Amino acid sequence: MKYTPLPRSFYERYAVDVAKSLLGKLLVRELEGRFLVGKIVEVEAYRGIDDPASHAYRGKTPRNYIMWEAPGLAYIYLAYGVNWCLNIVAEPKGCPAAVLIRALEPLEGIEVMRKNRGVARLRDLTSGPGKLTQAMSIDSRFNGWDLTKGKLLYVAEPPSLENFDIVATRRIGIKRGLDKKWRFYIKGNLFVSRV
DNA sequence: TGTGTGATAGTCT
DNA sequence: GACTATCACACAT
């Protein structure tokens with residue numbers, strides 16, 4: 001195995017802390033024998049009954065039940081009928097919470113991502129939640145996928161740690177829960193969806 | 001370089 | 001029947 005997946009304990013914490021800790025980590029997708037790798041540069045935290053912007057706010061449904069499952073699972077839903085969005089379940093099982101992966105910096109398999117996206121500009125490859133799932137060929141087949149197994153789709157520690165500043169802002173595309181600054185991104189990174 | 005708007009379909013009321 | 005954790009394109013600047 002080329003990359004080592006983060007353990008379940010990493011995700012079994014307060015979702016806001018998990019979100020911040022995910023910045024700088026690698027999202028790894030094995031596709032047809034090739035590695036597609038991107039550095040996570042933008043995330044958002046969503047919780048449960050104290051967060052009106054969260055899918056979990058109004059209780060468990062057939063769509064959102066994964067948020068109540070074990071930390072480290074993938075929760076994937078369709079946004080606006082066109083874009084798949086990738087979340088990672090956080091906090092102990094039974095406590096609904098998740099972290100939305102909003103943007104990546106492409107590191108490996110860039111030509112495959114370009115083909116999947118059908119765009120030429122490097123900066124448009126993975127600079128948004130719907131864009132990165134398209135670039136990495138992630139859809140509802142991965143709903144409930146265990147990201148700690150280290151197969152096909154997982155999150156891994158980067159080979160070397162670099163220093164960066166974290167910016168906290170309001171979350172994007174929501175109308176409720178605007179008081180919470182639970183969107184985090186790497187300051188100055190070119191692939192953040194918007195500053 | 002930025003703002004406005006239509007497409008699109010699953011989900012819940 | 002309304003709403004939505006988005007994207008891409010047009011158009012103006």
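By convention in this document, chain letters (A, B, ...) are assigned in the order of the sequence lines, proteins followed by strands, and residues within each chain are numbered from 1. It should be emphasised that the depicted structure is a prediction, and the values quoted were computed from it without experimental measurement. When reading the values below, keep in mind they use all heavy atoms of this one structure, side chains included, and skip hydrogens, waters and symmetry mates.
- With A/M136 as the fixed residue, the side-chain contact (heavy atoms from CB on, under 4.5 Å) test singles out one of A/V37, A/N116, A/L104, A/T126: A/L104.
- Listed for the A/E108 side chain is no donor-acceptor partner under 3.5 Å among the backbone atoms of A/L36.
- Put simply, CG on A/L86 and CG on A/D139 are 11.0 Å apart, with the number rounded to the nearest 0.5 Å.
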Restricting both atoms to N or O, compile the protein contacts to nucleotides 10-12 of chain B shorter than 3.5 Å, with distance only.
unit_1: B/dC12; atom_1: OP1; unit_2: A/T61; atom_2: OG1; d: 2.1

CA sep, side-chain torsions, deciding dist, call: A/E157, A/T4, side chain to side chain contact (heavy atoms under 4.5 Å, CB included): CA-CA 7 Å; A/E157 199 73 45; A/T4 305; over 6 Å; no
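- The side-chain hydrogen bond (donor to acceptor under 3.5 Å, both in side chains) test applied to A/N189 returns A/E105, not counting sequence neighbours.
- In this structure, A/Y57 has its ring center no closer than 6.0 Å to that of A/Y46.
- A/F184 is not listed as a side-chain neighbour of A/V167, based on a closest heavy-atom distance of 4.5 Å or more.
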Pairwise N/O distances under 3.5 Å, protein to nucleotides 7-9 of chain C:
unit_1: C/dC7; atom_1: OP1; unit_2: A/P129; atom_2: N; d: 3.3
unit_1: C/dC7; atom_1: OP1; unit_2: A/G130; atom_2: N; d: 2.8
unit_1: C/dC7; atom_1: OP1; unit_2: A/K131; atom_2: N; d: 3.2
unit_1: C/dA8; atom_1: OP1; unit_2: A/R117; atom_2: NH1; d: 2.7
unit_1: C/dA8; atom_1: OP1; unit_2: A/R117; atom_2: NH2; d: 3.0

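- The distance from atom OH of A/Y77 to atom P of C/dC3 is 18 Å, rounded to the nearest whole Å.
- None of A/V16, A/T169, A/N87, A/L100 except one satisfies the side-chain contact (heavy atoms from CB on, under 4.5 Å) rule with A/E44; the exception is A/L100.
- With no hydrogens or angles considered, a side-chain donor-acceptor pair links A/E42 and A/S193 at under 3.5 Å.
- The 12-atom threshold is not exceeded at OH of A/Y65, counting heavy atoms of other residues, nucleotides or ligands nearer than 6.0 Å.
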Dot-bracket encoding per residue of DNA chain C, Watson-Crick/G-U cut-off under 3.5 Å, | denoting interstrand: ||||.|||||||.
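- Side-chain contact between A/V18 and A/I88 is absent, with no heavy atoms from C-beta onward closer than 4.5 Å.
- A straight line from CD1 of A/I174 to P of C/dA5 spans 8 Å, rounded to a whole angstrom.
- With rounding to whole Å, A/I76 atom CD1 is found 16 Å from C/dT6 atom C1'.
- A straight line from CZ of A/R171 to C1' of C/dT6 spans 17 Å, rounded to a whole angstrom.
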Exercise answer: donor-acceptor pairs, residues 70-79 of chain A side-chain atoms, under 3.5 Å, sequence neighbours excluded:
unit_1: A/Y75; atom_1: OH; unit_2: A/H55; atom_2: ND1; d: 2.8

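- Ring-to-base geometry places A/Y46 in a stacked arrangement with C/dA5 (centre distance under 5.5 Å, plane angle under 30°).
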Nucleotides 1-5 of chain B: which of its N/O atoms have a protein N/O under 3.5 Å away?
none

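- The only option from A/R34, A/E32, A/R29 that meets the side-chain contact (heavy atoms from CB on, under 4.5 Å) definition with A/V112 turns out to be A/R34.
- The nearest whole Å value for the distance from the CE atom in A/M67 to the P atom in C/dA5 is 12 Å.
- Here C/dA5 presents its C1' atom at 15 Å from CG of A/N143, a figure rounded to the nearest Å.
- Taking atom OH on A/Y80 and atom P on B/dA7, their separation rounds to 16 Å, with Å as the unit.
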